[in-house]
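Have a look at the structure below, then the notes.
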Amino acid sequence: MISKTNMPEYRGPEKIVIRRYSDFVWLHERLAEKNKGIFIPPLPEKSAVEKFRFSAEFIELRRRGLDVFINRIASHPELQHSEDLKHFLQAEEEAMERVRSLETSIFGKKPSEFMQMFKDVQSKVSDVVLGKEKPIEESDPEYEKLKHYIFELEDHLAEAQKQAFRLVKRHRELGQSLVDFGKAVKLLGTCEGGSLGKAFSELGSQSELLSFKLQKEAQDLLMNFEEPLKDYVRTVQSIKATMADRAQVFRQQCELTEVAKLKEINVERLKATRQEHKVPEAEADYREVKAQSEEATKQLETIIGLMNDEILRFQEEKTLDLGFVFHEFAKGQAQLANDIADAWRSLLPKLESCSQNAITNVDSSI
């Protein structure tokens with residue numbers, strides 16, 4: 001991987017390093033763990049089918065996807081300053097492997113997985129203490145509208161990507177059919193001979209030429225239409241992951257607020273019942289939980305602020321990216337349609353001549 005930069009915090013303007021897919025996964029997880037509220041760009045999917053893992057097409061799709069991933073991070077106003085990004089772009093392979101191995105716990109779990117286990121246990125304990133279920137979700141009408149929009153957007157993008165896949169498949173099938181048709185018509189021309197045989201031979205050649213153009217257009221559709229749509233489906237899923245983080249912090253903040261209230265009531269109860277010897281410990285517990293509650297509130301406010309900025313940035317980028325993708329799609333389809341029409345049109349004079357000659361010969365014999 002080659003990276004170029006003019007940022008002074010990097011060791012030089014250009015660096016070449018070797019990175020595996022697992023290194024990109026490490027970077028994604030680190031950024032997601034440290035930047036709650038920011039939409040972390042998605043990684044290209046990992047092939048679940050063994051036979052496709054090393055195909056030229058899959059390797060190129062992954063290469064492009066990883067290139068988009070790293071460029072989105074490098075152009076992000078916050079993520080571009082990440083120490084993890086700097087390490088990813090500059091560290092030698094051995095140093096990269098060393099950092100990754102140090103972050104694996106003795107039980108083989110990633111730090112993020114252990115944090116999740118801790119949060120889940122903490123949440124369950126709070127439920128027991130409070131004697132009730134988790135608090136309801138946020139009731140902000142604007143945020144509810146946003147969530148509804150994101151879920152709808154994912155569905156519509158997924159459907160568009162599904163139909164793009166069908167277009168790619170149809171172009172490939174039609175291209176293959178034209179190859180087979182071209183071969184058959186050429187053989188027919190060889191059998192016929194004469195002007196008709198020559199016309200059939202040219203018809204077969206044009207069919208094969210159009211087949212090549214259709215196969216090329218199918219590949220262009222895959223790389224520049226279907227794949228960008230699929231990438232935006234993954235992008236929306238990363239937004240949903242950020243929303244899940246926000247919901248989790250919101251629940252924790254509510255729980256800690258409730259626990260702080262209970263701790264405060266307990267302090268007042270101890271003072272009222274003259275159990276002065278227990279008051280210092282109870283007050284210390286209350287101060288600790290109150291500090292945690294205030295920290296959770298600050299974290300929630302930070303996430304909300306970041307998400308507001310991220311949504312605006314996402315909308316601007318989406319408008320530019322999808323506008324370009326659909327413009328290029330329409331332009332490519334228009335050019336293909338013109339090429340197909342021109343190819344068939346070029347054959348008409350010779351086929352018409354054959355028809356006229358055939359009619360003349362029939363009239364002469366009569």
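In this chain, residues are counted from 1 in sequence order.
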Verify, without hydrogens or angle tests, whether S238 (side chain) and T235 (backbone) share a donor-acceptor contact under 3.5 angstrom. yes
Between the CD atom in Q176 and the NE2 atom in H171, the distance rounded to the nearest 0.5 Å is 15.0 Å
Taken to the nearest 0.5 Å, the spacing of L174 CG from R170 CZ works out to 10.0 Å
* Verify salt bridge (charged side-chain N to carboxylate O under 4.0 Å, His left out) between K86 and E83, making sure each step is shown before the conclusion. => CA-CA 5 Å; K86 279 198 282 186; E83 289 297 320; 2.9 Å; yes
- Checking S177 side chain against E173 main chain: does a donor-acceptor pair fall under 3.5 Å? yes
The reported gap from CZ in F250 to CG in D140 (rounded to nearest 0.5 angstrom) is 10.0 Å
query = Shared ILVMFWY cluster between Y149 and L322, side chains joined below 4.5 angstrom?
reply = yes
* Do other residues, nucleotides or ligands put more than 12 heavy atoms under 6.0 Å from the CZ atom of F165? -> no
*asked:* Can a side-chain donor-acceptor contact be found between E217 and Q333 if the only test is distance below 3.5 angstrom?
replied: yes
Hey, does T242 have a side-chain heavy atom less than 4.5 Å from the side chain of I40? no
message = Evaluate D180 against K183 for salt bridge (charged side-chain N to carboxylate O under 4.0 Å, His left out), listing each step before the verdict.
response = CA-CA 5 Å; D180 297 336; K183 290 177 181 177; 5.2 Å; no
**Any side-chain heavy-atom pair of F88 and R30 under 4.5 Å** = no
**Message:** Applying a strict under-4.5 Å side-chain criterion to I, L, V, M, F, W and Y, I'd like to know whether M307 and F151 cluster together.
**Reply:** no
Check: G197 main-chain N/O paired with S201 side-chain donor or acceptor under 3.5 Å: no
Margin query: Walk me through whether E202 and K350 qualify under salt bridge (charged side-chain N to carboxylate O under 4.0 Å, His left out).
Written below: CA-CA 9 Å; E202 290 190 22; K350 292 177 182 177; 2.5 Å; yes
Check: Is any NZ, NE, NH1 or NH2 atom of the basic residue among K198 and E192 found under 4.0 Å from an Asp or Glu carboxylate oxygen of the other?
Finding: no
d(L153 CG, I239 CD1) to nearest 0.5 Å is 7.5 Å
Take atom CG of L320 as the centre, draw a 6.0 Å sphere, and report whether it contains more than 12 heavy atoms from other residues, nucleotides or ligands.
yes
Spell out, as yes or no, whether a donor-acceptor pair under 3.5 Å connects the side chain of E258 to the backbone of C254. no
- prompt: Looking only at atom types and distance, does a side-chain atom of R172 sit under 3.5 Å from a main-chain N or O of A218, one as donor and one as acceptor?
  reply: no
Among side-chain atoms of Q215 and Q219, is any donor-acceptor pair under 3.5 angstrom? no
For a side chain to side chain donor-acceptor pair (under 3.5 Å) check, start with the C-alpha distance between N224 and R64, then their side-chain angles and the critical distance, and finish with the verdict. CA-CA 10 Å; N224 303 316; R64 287 188 177 208; 3.2 Å; yes
Can we say E138 and R246 salt-bridge, meaning some charged N sits less than 4.0 Å from an Asp/Glu carboxylate O? yes
- [ ] Would you kindly check if the NZ (Lys) or CZ (Arg) of R19 is within the cone defined by 45 degrees around the ring axis of F24 and under 6.0 Å from the six-membered ring centre?
- [x] no
Q. Do K147 and E142 meet the salt-bridge criterion of a basic N to acidic O distance under 4.0 Å?
A. no
_R166, CZ: over 12 other non-hydrogen atoms inside 6.0 angstrom_ = no
Check: So does E60 have more than 12 non-hydrogen atoms from other groups sitting under 6.0 Å from CD?
Finding: yes
Taking every heavy atom of V185 against every heavy atom of F200, the minimum-distance pair comes out as CG1-O, 3.0 Å
Hey, does the side chain of Y21 reach the backbone of P44 with a donor-acceptor pair shorter than 3.5 angstrom? yes
Could you walk me through whether S346 and Q206 satisfy the side chain to side chain donor-acceptor pair (under 3.5 Å) test, starting with their C-alpha distance in whole Å, then the side-chain angles of each, then the deciding distance to 0.1 Å, before giving a yes or no? CA-CA 9 Å; S346 70; Q206 286 288 12; 3.2 Å; yes
Got a donor-acceptor contact below 3.5 angstrom from the S211 side chain to the G175 backbone? yes
To the nearest 0.5 Å, atom CG of L157 lies from atom CG of L229 at 7.0 Å
Smallest heavy-atom separation, L31 atom then S82 atom, equals CD2-OG, 3.4 Å
**Message:** Q299 vs Q253, test: side chain to side chain donor-acceptor pair (under 3.5 Å). Steps then yes/no.
**Reply:** CA-CA 9 Å; Q299 186 181 9; Q253 188 264 342; over 6 Å; no
Apply salt bridge (charged side-chain N to carboxylate O under 4.0 Å, His left out) to E317 and R313, showing your working.
CA-CA 6 Å; E317 290 184 356; R313 197 174 59 83; 2.9 Å; yes
Show, in sequence, the C-alpha distance, side-chain angles and deciding distance for E154 and I150, and conclude whether the side chain to side chain contact (heavy atoms under 4.5 Å, CB included) test is met. CA-CA 6 Å; E154 181 185 22; I150 292 298; 5.7 Å; no
Within a 6.0 Å radius of atom CZ on F324, are there more than 12 heavy atoms belonging to other residues, nucleotides or ligands? no
*Find out whether the Lys NZ or Arg CZ of R72 is both under 6.0 angstrom from the six-membered ring centre of F39 and within 45° of the ring's axis.*
no
- prompt: Is there a path of hydrophobic side-chain contacts, each under 4.5 Å between heavy atoms of I, L, V, M, F, W or Y residues, that connects L43 with V68?
  reply: no
Of K290, K263, K278, K271, the one forming a salt bridge (charged side-chain N to carboxylate O under 4.0 Å, His left out) with E283 is K271
Hydrophobic cluster membership, with links at side-chain heavy-atom distances under 4.5 Å among I/L/V/M/F/W/Y: are V168 and V179 in one? no
Would you mind checking if K298 and E301 are paired as a salt bridge, meaning a charged N to carboxylate O distance below 4.0 Å?
-> no
Step-by-step side chain to side chain contact (heavy atoms under 4.5 Å, CB included) determination, E29 to V25: CA-CA 6 Å; E29 289 180 348; V25 173; 3.8 Å; yes
Check: With a cut-off of 6.0 Å (strictly less than), are more than 12 heavy atoms of other residues, nucleotides or ligands near NE2 of H277?
Finding: yes
Checklist entry - Do E226 side-chain atoms and Q161 backbone N/O form a donor-acceptor pair below 3.5 Å? => result no
Walk me through whether K186 and S205 qualify under side chain to side chain contact (heavy atoms under 4.5 Å, CB included).
CA-CA 8 Å; K186 277 186 172 181; S205 296; 3.3 Å; yes
message = Check for me whether K318 meets the cation-pi criterion with Y232, that is, NZ or CZ under 6.0 Å from the six-membered ring centre and within 45 degrees of the ring axis.
response = no
query = Any donor-acceptor pair under 3.5 Å linking the side chain of T273 with the backbone of R269?
reply = yes
With no hydrogens and no angle check, is any side-chain donor or acceptor of D67 less than 3.5 Å from a backbone partner on R63?
no
Does E264 pair with K261 as a salt bridge, N-O distance under 4.0 Å?
-> no
Interatomic distance, CD@E281 vs CG@N266, rounded to 0.5 Å, equals 10.0 Å
- Between D231 and D321, does a side chain to side chain contact (heavy atoms under 4.5 Å, CB included) hold up when you go through it step by step? CA-CA 11 Å; D231 177 68; D321 292 344; over 6 Å; no
- [ ] Indicate if L336 and F212 have the same hydrophobic cluster label, given that clusters are the connected sets of ILVMFWY residues with side-chain heavy-atom separations under 4.5 angstrom.
- [x] no
